[in-house]
Amino acid sequence: MSKTENWLNRASEFHQQRMLSLAPREKLIGKVREIEDRNYMMYVNSVLDLSDEGRIYEFLIEYDIYNPSQGIYLGCKSVTLPGFAHELQIEHASADWEKIRPFALRRLNNVFVNKDFTFRLRQPDNDHNGTFWPFWISLYEDEDPRKVGCKVLDILYNVYKDFFSGRLQEKVPHIITPKILDVETAFTNEAFRDLEETVKNNIRKKTSNTVFPDMGWEMITKFLSSAESEGWFQPMVGYEKVWSLQNNFSDVDFNFIIKHLFEKIAEKLNLSRLSPPWGALIKVFMRKDETPYKYQVKTLTPSANVRKYWRKKMKMLDF
């Protein structure tokens, strides 16, 4: 085996294992007009028979074993039947897709709330051996072939079926603008600023005193500085903005430190109560082993000994 083949095999293994989550290897052998092509792994999810018109539409997930950089892709493949002109079938398949595309895009974006397929419907770049993809979609590496890939194919199959049965009688949907999907980050300067704004806004809801929001945030920054000096928290190297809990302190310790900190802020500002904004906090703090806290950390119940220990230690801090 050459070095090139070795690198190809290593790069291809990841995608092959993903394909094997769909079916055993013998069920994934690529076929075109029933002729095997072992360069490909194919999982045909459904088929729409248009044999009277000279083609069938396969809704499938496919992977070229010897082209791992291309990754896994999926969509609708038009297969020209024997006795019909392939170029003419390409024209028909392209025309079908142009009519179906806006309906398919609307359904995909409606079903997948946190995904946007506007720019994922790729243009064809070839026709080969009597087959033609009027479009195709890359399956991202973090997307499950069955939960995402097969769900996408189900939606595509149904919209194609509705089109050919005449059920798509409505007008073409208005131009669908891309979704505005927030890029959510943690342990960044933006996450730290978000924590600051969240804390200040929560204080504003509790009081009309315009000075208190800044005072509350100043208490948090002073606490962080003092806690660093005591060795409880330390900035984590390699991130823009994050503090990690040190020593052998546990999630329960972290829970009470944060709760008591916000109790002290509420006490100083004469507020009835100030709840920790856990969603923002867990984007600024992490464990020493570099694993993030989950939101459920807020539900932990510290023991009496833990509460006594941290009340005593935090009482000595200047914040």
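Residues take their numbers from the sequence shown, with the count starting at 1.
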Handout entry: E240 and R193: CA distance, side-chain angles, deciding distance, salt bridge (Lys or Arg N to Asp or Glu O under 4.0 Å) verdict
Key = CA-CA 12 Å; E240 291 177 7; R193 287 194 292 268; over 6 Å; no
Problem - Note: K283-E184 ion pair, threshold 4.0 Å (strictly below) - result: yes
Exercise for the section: Mark yes when over 12 heavy atoms from residues, nucleotides or ligands other than K151 sit less than 6.0 Å from its NZ; otherwise mark no. Expected result: no
Exercise for the section: Test T188 against T185 for side chain to side chain donor-acceptor pair (under 3.5 Å), laying out the working first. Expected result: CA-CA 7 Å; T188 59; T185 61; 3.1 Å; yes
Practice task
Classify the angle between the aromatic ring planes of W232 and W310 as parallel (below 30°), tilted (30 to 60°) or perpendicular (above 60°).
Solution key: perpendicular
Exercise for the section: Determine the interplanar angle of the H260 and F256 rings, folded into 0 to 90°, and report it as parallel if under 30°, tilted if 30 to 60°, perpendicular if over 60°. Expected result: parallel
Handout entry: Verdict with reasoning, F285 to Y293, per ring-ring contact (aromatic ring centres under 6.0 Å, His included)
Key = CA-CA 8 Å; F285 293 94; Y293 292 108; 7.9 Å; no
Completion exercise
E58 and V47 have their tightest heavy-atom pair at CG-CG2, 4.3 Å
Problem - Other residues, nucleotides, ligands: >12 heavy atoms within 6.0 Å of N270 CG - result: no
Handout entry: Stepwise ring-ring contact (aromatic ring centres under 6.0 Å, His included) check, F163 with F103
Key = CA-CA 9 Å; F163 173 74; F103 297 98; 8.2 Å; no
Problem - Cationic N near anionic O, under 4.0 Å, K313 to E230 - result: no
Practice task
Taking only Lys NZ, Arg NE, NH1 and NH2, and the carboxylate oxygens of Asp or Glu, determine whether E143 and K115 approach each other closer than 4.0 Å.
Solution key: yes
Practice task
Check whether F14 and L28 end up in the same hydrophobic cluster, where Ile, Leu, Val, Met, Phe, Trp and Tyr are linked by side-chain heavy atoms less than 4.5 Å apart.
Solution key: no
Handout entry: Within residues 200-211 or reaching into it, pairs that qualify as side-chain hydrogen bond (donor to acceptor under 3.5 Å, both in side chains) - sequence neighbours excluded
Key = E196-K200, K200-D214, N201-R204
Exercise for the section: Specify whether W97 and Y160 have parallel, tilted or perpendicular ring planes, treating 30° as the upper limit for parallel and 60° as the lower limit for perpendicular. Expected result: parallel
Practice task
Verify the cluster assignment for I220 and M286: are they in a single hydrophobic cluster under the rule of side-chain heavy atoms below 4.5 Å apart?
Solution key: no
Practice task
Over all heavy atoms of both residues, which pair between L156 and A104 is shortest? Give the atoms and the distance, please.
Solution key: CD2-CB, 4.0 Å
Exercise for the section: Report yes or no: does S225 contribute a side-chain atom to a donor-acceptor pair with the main-chain N or O of T221 at less than 3.5 Å? Expected result: no
Exercise for the section: Might you confirm whether atom OH of Y66 has over 12 heavy atoms from other residues, nucleotides or ligands at distances under 6.0 Å? Expected result: no
Problem - Heavy atoms from other residues, nucleotides or ligands near NZ of K308 exceed 12 (cutoff 6.0 Å) - result: no
Practice task
Output yes when D162 and R107 qualify as a salt bridge under the 4.0 Å nitrogen-oxygen rule, no when they do not.
Solution key: yes
Fill in the blank from the handout: To the nearest 0.5 Å, atom CG of D116 lies from atom CG of N109 at 4.5 Å
Exercise for the section: Quick one: pull up NZ in K241 and CG in D194 and give me the separation to the nearest 0.5 Å. Expected result: 14.5 Å
Problem - Greater than 12 external heavy atoms within 6.0 Å of Q123's CD - result: no
Problem - Residue list, ring pair (Phe, Tyr, Trp, His ring centres under 6.0 Å) with Y43, at least two apart or on another chain - result: none
Exercise for the section: Indicate yes or no: at least one non-hydrogen side-chain atom of C76 is less than 4.5 angstrom from one of F135. Expected result: yes
Fill in the blank from the handout: Test side-chain contact (heavy atoms from CB on, under 4.5 Å), reference P276, set V199, I258, L261, output is I258
Handout entry: Closest non-hydrogen atom pair between M219 and F319, with its separation
Key = O-CB, 3.8 Å
Exercise for the section: Give the minimum heavy-atom separation between P277 and T198, together with the two atoms involved. Expected result: CB-CG2, 3.6 Å
Handout entry: Heavy atoms from other residues, nucleotides or ligands near CG of N110 exceed 12 (cutoff 6.0 Å)
Key = yes
Exercise for the section: May I ask you to decide whether D251 forms a salt bridge with R287, counting only side-chain N to carboxylate O separations under 4.0 Å? Expected result: yes
Handout entry: Cation-pi, Y73 ring and R122 (6.0 angstrom, 45 degrees)
Key = no
Practice task
Please indicate whether K222 has more than 12 foreign heavy atoms, meaning atoms of other residues, nucleotides or ligands, lying under 6.0 Å from its NZ.
Solution key: yes
Exercise for the section: Starting from the C-alpha separation in whole Å, work towards a yes-or-no answer on ring-ring contact (aromatic ring centres under 6.0 Å, His included) for F192 and W243. Expected result: CA-CA 11 Å; F192 190 65; W243 283 265; 5.5 Å; yes
